[in-house]
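Got a structure for you, questions after.
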Amino acid sequence: MTTNSTEATTLRSRRCGSLRAADAGTDVRLGGWVHGKRNLGGLVFLDLRDRDGIVQVSVDPALVGEAVRDAAAAVGKESVVLVEGEVVRRPPTGENRDMATGEIEVRARSVRVVGPAVTPAIPVGRAKGEALPSEEQRLRHRYLDLRRPELQRNIILRHRLMQTARRYLAGEGYLEIETPILTKPTPEGARDYIVPSRLHKGEFYALPQSPQLYKQLLMVSGFDRYFQIARCFRDEDLRAERQPEFTQIDIEASFVQQADIVRLTEGLFVELWREGGHAIVAPFEHLTYADAMERYGSDRPDLRYGLELFDATAIFAATELGIARSAIATGGRVRGIRVPKGASLSRKQVDELETLAKGAGAGGLLRLKREGSELSGPPAKFLDAGARERLALAGGDLALFAAGADRVTSAALDRVRQETARLLGIVPDGVLRFLWVTDFPMFGCDPATGALGPTHHPFTAPHPDDAPLLDTDPLRARAQAYDVVLNGMELGCGSIRIHDPEMQRRVFSHIGIDEETAQRRFGFLLEGLRSGAPPHGGIAMGVDRIAMLLAGAGSLRDVIAFPKTTTASALFEGAPSPVPEADLRTLHVRIANGAGEE
RNA sequence: GGGGCUGUAGCUCAGCUGGUUAGAGUGCCGGUCUGUCACACCGGAGGUCGCGGGUUCGAGCCCCGUCAGCCCCGCCA
């Protein structure tokens, strides 16, 4: 009997999927799920599946007797069976090169059905080319969907990534410390998930949106280097890349500057991507926020292709083009992208690009096309020879322009740039362009109210050079905040934190948090900062997104064992669900019925 | 909060301009078959056309509402 210490139990000696030609001649006991079955009348073949893979079991009545053969022939798909038998080489004509175990099979001596299964609601084993069941079915019958080899691979990869992160961070001297799940509600930022308190009538806990305050306090407490694979919760609407509960690798360290966190993160990414089968090289590229916005219109640009934005204000400034003139007169600019070979895009495609630009707030999208030496398009007649020269369009090129405030042109041209690259098919496969975006502004301005808000979060330290700007020109002040971006997707964000309580008060006051409010919401942090706080900073990285990228999955749901739907429901278990009236009373909670009671 | 797409057999889908008894593949059940691996072959069962209302002589198909899933905008410090 061959055994393997990480596979063997008292009931089985090996996993199905781990058997190879070298095991031929040995006796094994297997336990697995019936993935498929072929009944040839005399001989019966079972495909037996476990987390390692699938192996063929042959059930020959000459060896096991008619009764066992009949039982094997009658077993339903997805039933759990125990098989005892000998690993044998298949006859040469019977080998299956598509299977990792295809050189061998297990010749059964006994077959015992220990977990009979009703007919599965959705197929687990699919024929080549057979469509996946709908997302809804898959989520409703998640226990079956998770049996699919693809999802097993994803979930196992996720495990390996988390182990890699733990190993790397522990090796760097980081301590894994848990922080509370029942926390204080924070009116800042995203909506909290709220948990009513039984012992404190009318009071509530919140589930954490991040362990931010706790990890800062751990630095105050002297733990020096902290990490946690932390579950976080946000009661916001969902997207394909956003779940209401998600997992972050959360890191904080003392006596660090940005360069320390950058180095640590790059080291971690090298290890994670190696675990995922990719060799990547550190250090990563850097762009300041200002450069990223200027060149790509985005704070998380995809660098796998060009199509950079350029400032065309000077080209259009002297023209009679009304759109350009009015934008410039109101302090805006004309910005554009040159699209090499873009003249091949159809009018309809460019119209769709314009729709995207309008959706981002632009009034429209000006187009110029050069074919041969001929320049065509609505603005062409306004451009003199000098302007044409500066456009620097080659034959077959297209240029697209948006006019207005930078906020609008950036958003519009960012979308146009991404969609153009997709339409032209110039986004290369298999290229990993990691990027640090640094020097985010301290504050953003709510266009509706004009109020200042933190770009990152209110605990982010200002750039040392820009501290004086806080009081004179806060919108120009840069923060020591940084994002790590891959191919246009934000994978992590972090900052150096404020450790000076006086500075923290100043920043609070700029974003409209007065002394009393600050004390009420963040009093415990402020006290901590007054009690001897080291300079500190950190970062948080999205485990789900990283796992999705490395698994090549199309959705976060494919790397989360039990994900929620776009309305934050768990279809399998039926959450959320009502609570008995008596329980609500205990929690001092009453459901408002109808508008009158709201 | 808003927009788009989808919902027909266990599963994946087709269903024409509103017109007879709603079809296919697969799965399931029964039968034949000793080297298959999408086994093959023969036979069979299986439908609240998401739900509610309306228009019509007649609705899977048209209209209104509603629920669910997916995608997007807003939102996500």
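As the structure is a prediction and not an experimental result, all values here were calculated from the model. Chain letters run A, B, ... following the sequence lines, proteins first and then strands; every chain starts at 1.
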task = Report the distance from atom CD of A/E419 to atom P of B/rC72, rounded to the nearest whole Å.
result = 13 Å
query = Taking atom C1' in both B/rC39 and B/rU66, what distance in whole Å separates the two?
reply = 47 Å
B/rC76 to B/rC5 separation - P atoms, rounded to the nearest Å = 28 Å
inquiry  = So A/T179 and A/P208, do their side chains get closer than 4.5 Å, heavy atoms only?
reply    = no
key: Flag for A/D514-A/T517: side-chain donor and acceptor within less than 3.5 Å   = yes
inquiry  = Looking at B/rG18, which nucleotide sits across from it as a Watson-Crick or G-U wobble partner, both distances under 3.5 angstrom, or is there none?
reply    = none
request  = Just name whichever nucleotide pairs with B/rU34, Watson-Crick or G-U, keeping both distances under 3.5 Å, else none.
outcome  = none
query = If we take the P atom in both B/rG19 and B/rC13, what is their distance in whole Å?
reply = 24 Å
key: C1' atoms of B/rA14 and B/rG60, separation to the nearest Å   = 12 Å
ask   = A/R140 CZ to B/rG50 C1': how many Å, rounded?
value = 11 Å
remark   = In Watson-Crick or G-U wobble terms, with both distances under 3.5 Å, the base opposite B/rG43 is B/rC29
request  = Nearest whole angstrom, please: distance from the P of B/rG74 to the CZ of A/R234.
outcome  = 16 Å
inquiry  = Checking the side chain of A/Q228 only, and the main-chain atoms of A/I249 only, is there a donor and an acceptor separated by less than 3.5 Å?
reply    = no
ask   = Do A/R140 and A/E573 meet the salt-bridge criterion of a basic N to acidic O distance under 4.0 Å?
value = no
ask   = Phosphate oxygens OP1/OP2 of B/rC73: is one of them under 4.0 Å from a side-chain N or O of A/R239?
value = yes
Produce the list of close N/O pairs, under 3.5 Å, pairing protein atoms with atoms of nucleotides 34-36 of chain B; give distances to one decimal.
| residue | atom | partner | partner atom | Å |
| --- | --- | --- | --- | --- |
| B/rU34 | OP2 | A/G42 | N | 3.1 |
| B/rU34 | O4' | A/L43 | N | 3.4 |
| B/rG35 | N1 | A/E105 | OE2 | 3.0 |
| B/rG35 | N2 | A/E105 | OE1 | 2.6 |
| B/rG35 | N2 | A/E105 | OE2 | 3.4 |
| B/rU36 | O2 | A/R38 | NE | 2.6 |
| B/rU36 | O2 | A/R38 | NH2 | 3.3 |
| B/rU36 | O2 | A/Q56 | OE1 | 3.3 |
| B/rU36 | N3 | A/Q56 | OE1 | 2.8 |
| B/rU36 | N3 | A/Q56 | NE2 | 3.0 |
| B/rU36 | O4 | A/Q56 | NE2 | 2.8 |
| B/rU36 | O4 | A/R90 | NH1 | 3.4 |
| B/rU36 | O4 | A/G94 | O | 3.4 |

ask   = Is it true that the side chains of A/S18 and A/R20 contain a donor and an acceptor less than 3.5 Å apart?
value = no
query = Quick one: the side chain of A/D237 and the base of B/rC75, do they pair up donor-acceptor inside 3.5 Å?
reply = no
ask   = Base, sugar-phosphate alone, or nothing: which one does A/E236 contact when heavy atoms must sit under 4.0 Å apart?
value = base
ask   = Where the side chain of A/T566 is concerned, which of B/rC37, B/rC70, B/rA77 is the nearest nucleotide?
value = B/rC70
ask   = Quick one: A/K37 NZ to B/rC29 C1', roughly how many Å, whole number?
value = 11 Å
Any A/L469 side-chain heavy atom under 4.5 Å of A/P462 side chain = no
message = Measure CZ/A/R242 against P/B/rC71 and give the value in whole Å, please.
response = 12 Å
task = Hey, could you give me the CG/CG distance between A/L30 and A/L19, rounded to the nearest 0.5 Å?
result = 5.5 Å
request  = Write down the distance separating the P atoms in B/rC42 and B/rG27, rounded off to the nearest Å.
outcome  = 14 Å
message = If you apply the rule side chain to side chain donor-acceptor pair (under 3.5 Å), what do you find for A/Q418 with A/D414, and how did you get there?
response = CA-CA 6 Å; A/Q418 292 185 49; A/D414 171 34; 2.9 Å; yes
request  = Can you label the angle between the A/F572 ring and the A/F562 ring as parallel, tilted or perpendicular, going by 30° and 60°?
outcome  = parallel
inquiry  = What's A/R138 touching, base or sugar-phosphate or nothing? Going by heavy atoms closer than 4.0 Å.
reply    = nothing
request  = Pick base, sugar-phosphate or nothing for A/N39, based on heavy-atom distances below 4.0 Å to the nucleic acid.
outcome  = base
message = Any side-chain to backbone donor/acceptor pair from A/T460 onto A/H457? Under 3.5 Å, distance only.
response = yes
task = Would you tell me if any nitrogen or oxygen in the side chain of A/T565 comes within less than 4.0 Å of OP1 or OP2 on B/rG69?
result = yes
key: Per-nucleotide protein contact string for nucleotides 3-12 of chain B, where B marks a base within reach and S marks sugar-phosphate only (heavy atoms under 4.0 Å, - for neither)   = -------SSS
request  = Please determine if A/E490 and A/R300 form a salt bridge, counting it only when a charged side-chain N lies under 4.0 Å from a carboxylate O.
outcome  = no
task = Using whole Å, report how far CG of A/L238 lies from C1' of B/rG2.
result = 17 Å
inquiry  = Expressed as a whole number of angstroms, how long is the span from A/D483:CG to B/rA77:C1'?
reply    = 13 Å
ask   = Which whole-number value in Å describes the distance from A/F443 CZ to B/rA77 P?
value = 17 Å
note = Pairing partner of B/rA24, by Watson-Crick or G-U wobble and under 3.5 Å for both distances, is B/rU12
key: Base-pairing mate for B/rC70 - Watson-Crick or G-U, with both contacts under 3.5 Å   = B/rG4
task = Specify the residue among A/S555 and A/H456 whose closest nucleotide of RNA chain B lies further upstream toward the 5′ end.
result = A/S555
task = For A/A74 and for A/G36, locate the closest nucleotide of RNA chain B by heavy-atom distance; then report the residue assigned to the nucleotide nearer the 5' terminus.
result = A/A74
B/rC62 to B/rU6 separation - P atoms, rounded to the nearest Å = 11 Å
Which pairs of donor and acceptor atoms, one on a side chain in residues 100-110 of chain A, lie under 3.5 Å apart (sequence neighbours left out)?
| residue | atom | partner | partner atom | Å |
| --- | --- | --- | --- | --- |
| A/T101 | OG1 | A/I54 | O | 2.6 |
| A/E103 | OE2 | A/R89 | NH2 | 3.1 |
| A/E105 | OE1 | A/Q56 | NE2 | 2.9 |
| A/E105 | OE2 | A/S58 | OG | 3.2 |
| A/R109 | NH2 | A/D27 | OD2 | 3.4 |

inquiry  = Can you identify which nucleotide, out of B/rC70, B/rC71, B/rA77, has its nearest atom closest to the A/S210 side chain?
reply    = B/rA77
key: Gap in Å between the two P atoms, one belonging to B/rG25 and one to B/rG44, rounded   = 13 Å
message = Would you measure the distance from the P atom in B/rC16 across to the matching atom in B/rG50 and give it in whole Å?
response = 14 Å
request  = Report which part of the nucleic acid A/R557 touches: base, sugar-phosphate, or nothing (heavy-atom distance under 4.0 Å, all strands).
outcome  = sugar-phosphate
